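I have placed the structure first, in the form of structure tokens, so that the comments after it can refer back to it.
Small disclaimer: the values here were computed from a predicted structure and weren't measured.
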Amino acid sequence: MSTMFPNLFSPLSIRDVTFRNRIFSTGHMTTLVTGYKPNEELAAYHESRARGGAGLVIIEVALVHGSSVYTSHTIMANTDDCIPGYRNIARRVHRHDCRVFGQLFHPGREVFESIDGSAPVAWAPSSVPNERFHIMPRAMPRAMIHDVIDGYGDAAVRLREGGLDGVEIVASHGYLPAQFLNPRVNVREDEYGGTLENRVRFLREVVDNIRAKVGNDYVVGLRITGDEHSHDGPDVETVTAAICMLDAGGGLDYFNVIAGSSSSLGGSVHIVPPMFIDNAYVAPYAATVRQKVSVPVFVAGRINQPHQAEEIVAGGQADMVGMTRAQICDPQLANKARTGRVDDIRACIACNQACIGHMHMGVGISCIQHPESGRELVYGERKPAAGAKKVLVAGGGPGGMKAAAVAAERGHRVTLYEATDRLGGQTLLAQSLPGRAEFGGIVTNLSREMELAGVEVIRNRKVTRELVETEAPDVVIVATGAVPAPVDIEGGDEAHVVEAWSVVRGEANVGGNVVIADWRCDWIGLGLAEHLARNGCNVTLAVDGYMPGQTIQMYVRDHWAGILQKLGVKVIPYARLFGADADSVYLQHATSGEAMIVEDVDTLVTALGHHSVTDLADELEDWTGELHLVGDCLAPRTAEEAVLEGLKTAAEI
């Protein structure tokens, strides 16, 4: 047991299953699944968290019925084809003394992907549409309801045959069971609608069907949303009453409470809450549920540090704590916490870019700080270098730091040079914007990785060809980043034009009426608009795209859009910057070419892209040593690409 976190690292038993600690990884989509079956990539991914010390791993959703297919990268548990893949995962997780559950799922009306390009039929309790995906579902007839209920039980049997220690019914986030519970969505007039008892009936019969088929010695739990944070969700009191009713009816071994809903833009933010949302904000509701039910309560929602998890368990708010993104970012989190190495934990910054962001792009899950996640079969083990080389890294941004840390871990002699007095590159700008301070954690984490690996760091020293020849390294990794692209704005000599970086740094004198010309459509425009609006400016955000934040993860973008609306920021989409004069900014509609003029403007702020800093790379073009470029100096993108390229480059040296 950990002396720092005695409650977190105490065992917990449910039926015949004992968890070595109270840390678990919640069920979450990975987009690693192929052919609707658990595969080797998924097994390696979950084994990484088991090896890292987690007490429980819950595998992502398995579809229980033919009507529940909503993506092409989901496990189908309505046939026996899933069983071998589950057995592989169970075997690999169990060998690390970790338990493993699987989720049983039907989305109901929450269908967001076509399998073949045509729109599928979505089935729900009633023909009530959702806001987010603009789906008008078809009401399920009784015969189909009974067939789906049987599907839950049959799927549970398959997961048990696959060696899993338990199953979890997904009644969270506005999916089918939650739709039955919700009086705003379920307007049926038969035995499955109307009173709360009738609306609970679907879940009651699902639980009873599963229990009858798997027996009394198998763990069956329920994941459920307390507050959907959605205009069409049930109130918290209704959900709590339903939980108590289900608990009184028996058959369930735990309740796993969470927040959010898939049905609306506002509710969906809470499915994977970004850094704007408070840490551990669902824990108070878990405490309420725990006081009312007879079985253990699990909780998750922005819990990324063992100190928070310890407080939750010690305070009696919950019995198990979901730390999912925390373990995507650092699969060894539990082991590090248990042994007191808390300073070595790579803390999740809730950027959402490569975890849920990848899922929405239809590609495999990962992490911008730890790109090894989701790529375990390639980068899961750090391979020692065949021979130690002298490596010089030019640039102390995320890409350079990752390259330096990995190269040193593999046994190379690494020195990193940073031209300024601070490591971090553009991260230092990102963390300065409102609500984005947590993003700076990537610098803290990568700095610690370099320290542990034995990297020598030299600040305030720009790398030149002369320095390279003097130091005579075997390998040079250039990670010199990018700078704002120079712009030639028609009429710009008359206007007050300042660049985004200078505003963030507090170097620019910005007037009261501001237009931000946002070509990038990322966090810069959104962050500048919030920053200036909070400082009292009248802000117009002109984006050369469909919407502000078009290129960033949707939960981050959608929540930020709500903040800007509250602050009174005016948004002009499809706006290409054309020119400016002393008091006006001239825009073109990106498709029609028509003029859009903003008058009475004091300051034009430009966020028009970056140019790679290639001075050193150009100087070394004919250098005879091994030369690599990573990150923005190769092509301006984001921290994710920089860190991934740092990993790939250092892994090959």
Side-chain angles (χ1 to χ4, degrees), residues 12-19 24-29 33 36-38 42-43 46 50 54-65 68 74-91 93-94 98-107 148-173 175-178 202-224 243 246-247 249-258 295-298 300 319-320 322 324:
L12 174 70
S13 294
I14 299 178
R15 291 195 187 264
D16 295 332
V17 176
T18 298
F19 311 108
F24 76 103
S25 175
T26 65
H28 58 283
M29 299 294 290
V33 174
Y36 298 103
K37 294 178 287 188
L42 189 65
H46 286 303
L56 168 66
V57 164
I58 302 181
I59 303 170
E60 64 195 75
V61 298
L63 308 182
V64 301
H65 190 262
S68 62
T74 310
I75 301 168
M76 291 292 297
N78 62 338
T79 74
D80 291 347
D81 291 347
C82 64
I83 295 173
Y86 277 126
R87 285 177 177 161
N88 182 37
I89 294 176
R91 176 181 58 82
V93 170
H94 283 157
C98 181
R99 307 280 71 81
V100 57
F101 293 171
Q103 289 186 319
L104 304 176
F105 181 76
H106 194 300
V148 170
I149 290 169
D150 272 336
Y152 276 95
D154 294 342
V157 171
R158 294 186 180 99
L159 269 60
R160 178 165 189 167
E161 291 180 4
L164 305 192
D165 301 296
V167 294
E168 181 176 89
I169 304 160
V170 177
S172 60
H173 297 128
Y175 299 122
L176 183 65
F202 176 79
L203 257 177
R204 179 71 268 156
E205 293 181 1
V206 166
V207 173
D208 291 345
N209 193 286
I210 292 171
R211 183 58 70 194
K213 291 174 178 176
V214 299
N216 291 323
D217 60 343
Y218 197 60
V219 175
V220 179
L222 182 75
R223 191 183 202 197
I224 190 165
I243 289 172
L246 289 163
D247 181 57
L252 287 170
D253 298 309
Y254 70 87
F255 291 96
N256 181 5
V257 297
I258 193 65
V295 294
V297 171
F298 296 10
D319 301 282
M320 292 283 287
T324 305

Assess the pair Phe255 and Phe298: is the distance between their ring centroids shorter than 6.0 Å?
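No - the distance between ring centres of Phe255 and Phe298 does not fall below the 6.0 Å cut-off.
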State, yes or no, whether a side-chain contact exists between [X] and [Y] at a heavy-atom distance under 4.5 Å.
{"X": "Val219", "Y": "Asp16", "result": "no"}
{"X": "Asp253", "Y": "Arg211", "result": "yes"}
{"X": "Val207", "Y": "Asn209", "result": "no"}
{"X": "Phe101", "Y": "Val167", "result": "no"}
{"X": "Ile169", "Y": "Arg223", "result": "no"}
{"X": "Asp247", "Y": "Leu252", "result": "no"}

Least distance between heavy atoms, [X] atom then [Y] atom:
{"X": "Val100", "Y": "Ala90", "answer": "CG1-CA, 4.1 Å"}
{"X": "Pro296", "Y": "Asp319", "answer": "CA-OD2, 3.2 Å"}
{"X": "Ala77", "Y": "Ala62", "answer": "CB-CB, 3.7 Å"}
{"X": "Pro177", "Y": "Tyr152", "answer": "CG-OH, 3.6 Å"}
{"X": "Val17", "Y": "Arg99", "answer": "CG1-CD, 3.4 Å"}
{"X": "Cys98", "Y": "Ala50", "answer": "CB-CB, 3.7 Å"}

Would you give the length of the straight line joining atom [atom1] of [X] to atom [atom2] of [Y], rounded to the nearest 0.5 angstrom?
{"X": "Gln103", "Y": "Ile75", "atom1": "CD", "atom2": "CD1", "result": "9.5 Å"}
{"X": "Ile149", "Y": "Asp208", "atom1": "CD1", "atom2": "CG", "result": "9.5 Å"}
{"X": "Leu164", "Y": "Arg87", "atom1": "CG", "atom2": "CZ", "result": "10.5 Å"}
{"X": "His28", "Y": "Ile59", "atom1": "NE2", "atom2": "CD1", "result": "10.5 Å"}
{"X": "Arg160", "Y": "Ile83", "atom1": "CZ", "atom2": "CD1", "result": "13.0 Å"}
{"X": "Ile58", "Y": "Ser25", "atom1": "CD1", "atom2": "OG", "result": "8.0 Å"}

For [Y], does its backbone N or O pair with a side-chain atom of [X] as donor and acceptor, under 3.5 Å?
{"X": "Arg204", "Y": "Leu246", "value": "yes"}
{"X": "Asn256", "Y": "Leu222", "value": "no"}
{"X": "Thr324", "Y": "Thr26", "value": "yes"}

Taking atom types as modelled and ignoring hydrogens, do the side chains of [X] and [Y] form a donor-acceptor contact shorter than 3.5 angstrom?
{"X": "Asp154", "Y": "Asn78", "value": "no"}
{"X": "Tyr86", "Y": "Glu161", "value": "no"}
{"X": "Asp165", "Y": "His94", "value": "yes"}

Derivation and outcome, side-chain contact (heavy atoms from CB on, under 4.5 Å), residues Ile258 and Ile224:
CA-CA 6 Å; Ile258 193 65; Ile224 190 165; over 6 Å; no
Does the pair Asp80 and Arg158 meet the rule for a salt bridge (charged side-chain N to carboxylate O under 4.0 Å, His left out), with working shown?
CA-CA 7 Å; Asp80 291 347; Arg158 294 186 180 99; 2.9 Å; yes
Audit row: Phe24, Phe19, ring-ring contact (aromatic ring centres under 6.0 Å, His included) steps and yes/no:
CA-CA 9 Å; Phe24 76 103; Phe19 311 108; 8.6 Å; no
Derivation and outcome, side-chain hydrogen bond (donor to acceptor under 3.5 Å, both in side chains), residues Glu168 and Tyr254
CA-CA 9 Å; Glu168 181 176 89; Tyr254 70 87; 2.8 Å; yes
Under the criterion side-chain contact (heavy atoms from CB on, under 4.5 Å), I'd like the reasoning laid out for Met76 against Lys37: C-alpha separation, chi angles, the key distance, then a yes or no.
CA-CA 6 Å; Met76 291 292 297; Lys37 294 178 287 188; over 6 Å; no
Dump the intermediate steps for salt bridge (charged side-chain N to carboxylate O under 4.0 Å, His left out) on Lys213 and Asp150, then the final yes or no.
CA-CA 10 Å; Lys213 291 174 178 176; Asp150 272 336; 3.5 Å; yes
Which of these, Thr74, Val148, Leu63, Leu176, sits in a side chain to side chain contact (heavy atoms under 4.5 Å, CB included) with Ser68?
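With Ser68 as partner, side chain to side chain contact (heavy atoms under 4.5 Å, CB included) holds for just one option, Leu63.
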